[in-house]
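Just passing along the structure, written as structure tokens.
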Protein chains: 2
Amino acid sequence: MEQNSISDISRSLIEIAWHFGPKGLNGECCEDLTMPEFIALDKVSTTSNCAVQDVGYSLGFTKSGATRIVNRLKKKGYVHKVKSHEDARICCVEITESGERVLASANSRYLKQFHVIAAKMPEHSLTDTVKVLTAMANALKG
Amino acid sequence: MEQNSISDISRSLIEIAWHFGPKGLNGECCEDLTMPEFIALDKVSTTSNCAVQDVGYSLGFTKSGATRIVNRLKKKGYVHKVKSHEDARICCVEITESGERVLASANSRYLKQFHVIAAKMPEHSLTDTVKVLTAMANALKG
DNA sequence: AAAAAATGGTTGACGTCATCAATTAAAAAG
DNA sequence: CTTTTTAATTGATGACGTCAACCATTTTTT
């Protein structure tokens, strides 16, 4: 039997997921934003007339979980909720100025972290690394 | 101002972290194993005389959290705890047969997922992708 | 050798967070 | 106009990790 039963690729993927995931970056993406909140806020900022459930869908949450995360963002002042004019059931979530700021801040923290890591990969160019990661992310969506 | 404030690299990293992270793979790594439990079990399997705190360290948990995750794995029958002979304070965590099995199973699930994704990246060879990810994981450790 | 400090581990109280099931309100379908 | 579907919310619940206090053992100090 081999040294251990976990392959290098699995371990690498986990390492990356763990580092850049909910527990990485000191457990918080930026300021008082958790990772799911970051993703939710990004979804809100890039979706026009973003319904509460749209947020939940992008996270793989139930609609109940969606309500809760949106309310958390609202309490923090990063979004506000507006009733839709077309359909009074729908609640449109919109990002605030403060939300934009924290999103940009989280982004720069991610970027900085990434460059620190990329600098420690002498055998790979930054652009190649970026290309692979981007392609991978696209493959995940498609 | 640009379309949105989040860069592509950040978004890609998050996408990958989210997909292969705690919420990915249907919320569970394998069988009844959560992501942190998977990492903990891997740590146990690759560390001889693995103390409870060693597990905690690899996850960035406090020693209290380490105790809890080890106990959870124990309850599931994937590890057992043995008092160290050299130091009676230390509690060595050892993987069981059942633990080895579930670890291998989790690994194959990760591997399968990865190959599905890699197959959707026509412009990158599998080996190149693996190389970049491995280098990145190594950079994270160092 | 005795006392004090440090170390490994555990436990109770707590806060956070997402789910489930039930509920309300509004729109669509019949 | 009644029935069904859909969007959102809420109370109860369970999982999980932290903090602080604690016990036991080892190491350091004097």
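Quick caveat, the model's predicted, so the values are computed rather than measured. The sequence lines fix the lettering, A, B, ..., with proteins before strands; numbering per chain opens at 1.
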For this session: Would you indicate what Gly60(B) reaches in the nucleic acid, counting non-hydrogen atoms under 4.0 angstrom: base, sugar-phosphate, or nothing?
Result: sugar-phosphate
Problem set entry | Residues, nucleotides or ligands: over 12 heavy atoms within 6.0 Å of Glu97(A) CD | no
For this session: Measure distances between side-chain N and O atoms of Ser64(A) and base N and O atoms of dT10(D), and say whether any donor-acceptor pair falls under 3.5 Å.
Result: yes
Exercise. Is Lys112(B) atom NZ crowded by more than 12 heavy atoms from other residues, nucleotides or ligands, each under 6.0 Å away?
Worked result: no
Exercise. Who passes side chain to side chain contact (heavy atoms under 4.5 Å, CB included) against Lys63(A), sequence neighbours left out?
Worked result: Gln53(A)
Exercise. Which stems, defined as runs of 3 or more consecutive Watson-Crick or G-U wobble pairs with both pairing distances under 3.5 Å, involve DNA chain D?
Worked result: C:1-30 with D:1-30
For this session: Kindly state which residues belonging to residues 47-54 of chain B come within less than 4.0 angstrom of DNA chain C, counting heavy atoms of the residue only, listed by number.
Result: Ala51(B), Val52(B), Gln53(B)
Problem set entry | Phosphate-side-chain proximity, Thr62(B) and dT18(D), N/O vs OP1/OP2 below 4.0 Å | yes
Problem set entry | Value in whole Å for how far the C1' atom of dA6(C) lies from NZ of Lys63(B) | 10 Å
Exercise. Over how many whole Å does the gap from Leu33(A) atom CG to dC17(C) atom P extend?
Worked result: 11 Å
Seminar exercise, completed: Across all chains, not counting sequence neighbours, the side chain to side chain contact (heavy atoms under 4.5 Å, CB included) partners of Ser108(B) are none
Exercise. Can you tell me how far C1' of dG8(C) sits from CZ of Phe61(B), to the nearest Å?
Worked result: 18 Å
Exercise. Are Met35(A) and Ile14(B) side-chain neighbours, meaning at least one heavy-atom pair lies under 4.5 Å?
Worked result: yes
Exercise. Are Arg11(B) and Thr46(A) close enough that some pair of their side-chain heavy atoms sits under 4.5 Å apart?
Worked result: yes
Exercise. How many Å lie between CG on Asn71(B) and P on dT18(D), as a whole number?
Worked result: 15 Å
For this session: Provide, to the nearest angstrom, the distance between the CG atom belonging to Leu73(B) and the C1' atom belonging to dC16(D).
Result: 13 Å
Exercise. What's the OH-P distance between Tyr57(A) and dA18(C), to the nearest Å?
Worked result: 18 Å
Exercise. With no hydrogens and no angle check, do the side chains of Ser98(B) and Thr96(B) hold a donor and an acceptor under 3.5 Å apart?
Worked result: no
Problem set entry | Nearest-Å distance for atom pair CE/C1', residues Met35(A) and dT16(C) | 18 Å
Problem set entry | Heavy-atom neighbours of Lys75(A) NZ exceed 12 at 6.0 Å | no
For this session: Answer yes or no: does a side-chain N or O of Arg72(A) lie under 4.0 Å from OP1 or OP2 of dC17(C)?
Result: yes
Seminar exercise, completed: Note: contacts of residues 75-92 of chain A with DNA chain C (heavy atom, under 4.0 Å) are Asp87(A), Ala88(A), Arg89(A)
For this session: Give, for atom CG of Asn138(A) and atom CD of Glu123(B), the distance between the pair rounded to the nearest 0.5 Å.
Result: 8.0 Å
For this session: Just do the side chain to side chain donor-acceptor pair (under 3.5 Å) check on Thr62(B) and Ser64(B) with the steps written out, would you?
Result: CA-CA 5 Å; Thr62(B) 62; Ser64(B) 166; 4.5 Å; no
Exercise. Is there side-chain contact between Leu41(A) and Lys76(A), with at least one heavy-atom pair below 4.5 Å?
Worked result: no
For this session: Sequence neighbours left out, what passes side chain to side chain contact (heavy atoms under 4.5 Å, CB included) with Asn49(B)? Give chain and number order.
Result: Cys92(B)
For this session: Classify the side chain of Arg68(B) versus the base of dT18(D) as yes if they form a donor-acceptor pair under 3.5 Å and no if they do not.
Result: yes
